[in-house]
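Taking it in order: structure first as structure tokens, then the write-up.
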Amino acid sequence: MTGKLIIFEGVEGCGKTSQMQLCAQWLESLGIPIVVTREPGGTELGLDLRRILLNNPENLPISQVTELLLYAADRSQHVAQELKPHLAAGKYILCDRYTHSTTAYQGYGRGLNINLINQLNHIATDGLVSDLTIWLDVDVEVGLARKQAATGGLDRIEQETIAFHRRVQQGYADLAALYPSEIVRVDGSLTPEAVQQVIQKILHQRLQLLNCT
């Protein structure tokens, strides 16, 4: 079996985590070996970087370029240590965020140079691109309200302004238009069950899964 890299993207509170879990259970029921991971934080090194980037308990100042480079460092380690070996072993990888997050958040959200981000993404991934990216599209205010209700608080990125999150959302929309063969939009405002049905249909069609309905 050839491994596949399936990415779940979207603004805060779009439902990525729950949909990945449901998708993993479904794929496992088909006898497909699954790995579930995330960025940042898919490796031991990445967990430390995630703490700095999202939780930052020491309240350290982080410049926008430093933030970008830390995400790139996390990705480079993740690709080398986890993604490429599991793909080579024929596993299906479900990953919470990848390169498009950096473009949407640091490019559109922060306003950093997109060409620079593309170069860093290429270096960090060693050219590894996703086989499929599921974009869970939901209104940013709805997503943030979901996140607040679920966790009781917001992390460093989630606490950014609504204007920031709207720029991120626009970034995803532009990326989906730019890469229609890779990125598939799913309406994240539907019920979790309905969203999962749509995702299963997309995976069946795009990746030609066997024995699924």
Side-chain angles (χ1 to χ4, degrees), residues 1-43 46 50 71 74-105 121-122 124-138 143 168-169 171-188 190-213:
M1 177 184 291
T2 303
K4 300 291 184 183
L5 178 57
I6 304 166
I7 309 298
F8 287 73
E9 291 279 6
V11 297
E12 310 303 327
C14 67
K16 293 183 284 78
T17 302
S18 60
Q19 290 303 322
M20 283 178 59
Q21 292 171 346
L22 292 170
C23 193
Q25 294 171 6
W26 171 64
L27 290 172
E28 286 175 342
S29 74
L30 300 177
I32 297 174
I34 296 298
V35 172
V36 177
T37 187
R38 66 180 179 179
E39 291 191 357
T43 64
R50 183 182 182 89
Y71 276 113
D74 169 83
R75 180 161 299 131
S76 178
Q77 185 71 17
H78 192 215
V79 168
Q81 182 179 329
E82 296 292 330
L83 300 189
K84 286 196 170 183
H86 285 309
L87 290 171
K91 296 181 180 179
Y92 274 46
I93 300 175
L94 306 182
C95 186
D96 185 338
R97 300 199 181 284
Y98 195 49
T99 55
H100 295 315
S101 276
T102 308
T103 303
Y105 278 81
N121 274 336
H122 184 73
T125 63
D126 194 26
L128 179 65
V129 298
S130 74
D131 292 283
L132 177 65
T133 296
I134 302 294
W135 168 36
L136 294 170
D137 184 15
V138 68
V168 171
Q169 181 78 318
Y172 280 119
D174 288 355
L175 286 166
L178 190 60
Y179 303 106
S181 63
E182 177 195 351
I183 303 174
V184 181
R185 177 190 177 275
V186 175
D187 185 354
L190 302 174
T191 66
E193 295 78 13
V195 170
Q196 183 59 203
Q197 289 178 359
V198 173
I199 290 173
Q200 291 182 13
K201 183 177 180 180
I202 291 168
L203 265 63
H204 180 34
Q205 293 173 340
R206 293 294 185 107
L207 303 182
Q208 298 179 338
L209 297 179
L210 300 177
N211 301 322
C212 59
T213 58

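- With Tyr92 as the fixed residue, the side chain to side chain contact (heavy atoms under 4.5 Å, CB included) test singles out one of Ile32, Val35, Leu87, Thr2: Ile32.
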Please evaluate residues Ser130 and Thr133 with respect to the criterion side chain to side chain donor-acceptor pair (under 3.5 Å), reporting the C-alpha separation (whole Å), side-chain torsions for both, the decisive distance (0.1 Å), and the verdict. CA-CA 7 Å; Ser130 74; Thr133 296; 2.9 Å; yes
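- In terms of modelled atom types and a separation under 3.5 Å, the side chain of Gln169 and the main chain of Val138 share a donor-acceptor contact.
- Contact check on Glu9 versus Arg97 returns a salt bridge, with a Lys/Arg side-chain nitrogen under 4.0 Å from an Asp/Glu carboxylate oxygen.
- In this structure, Asp74 contributes its side chain and Gly41 its backbone to a donor-acceptor pair below 3.5 Å.
- No donor-acceptor distance shorter than 3.5 angstrom exists from the side chain of Arg38 to the backbone of Cys95, with no hydrogens or angles considered.
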Starting from the C-alpha separation in whole Å, work towards a yes-or-no answer on side chain to side chain donor-acceptor pair (under 3.5 Å) for Gln197 and Glu193. CA-CA 6 Å; Gln197 289 178 359; Glu193 295 78 13; over 6 Å; no
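- Between the Arg206 side chain and the Ser181 main chain, a donor and an acceptor come within less than 3.5 Å of each other.
- Aromatic ring pairs are classed by plane angle as parallel below 30°, tilted from 30° to 60° and perpendicular above 60°; the pair Tyr105 and Tyr172 is perpendicular.
- With values rounded to the nearest 0.5 angstrom, Leu27 atom CG is found 11.0 Å from Met20 atom CE.
- To the nearest 0.5 Å, atoms CD (Gln200) and CD (Gln196) are separated by 4.5 Å.
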Could you give me the CA-CA distance, side-chain angles and deciding distance for Glu39 and Ser101, then say whether side chain to side chain donor-acceptor pair (under 3.5 Å) is met? CA-CA 9 Å; Glu39 291 191 357; Ser101 276; over 6 Å; no
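- Distance check, rounded to the nearest 0.5 Å: CG of Leu136 to CD1 of Ile134 gives 7.5 Å.
- Side chain of Asp137 to backbone of Arg185: no donor-acceptor contact under 3.5 angstrom is found.
- Between His78 and Tyr98, the gap from one ring centroid to the other reaches at least 6.0 Å.
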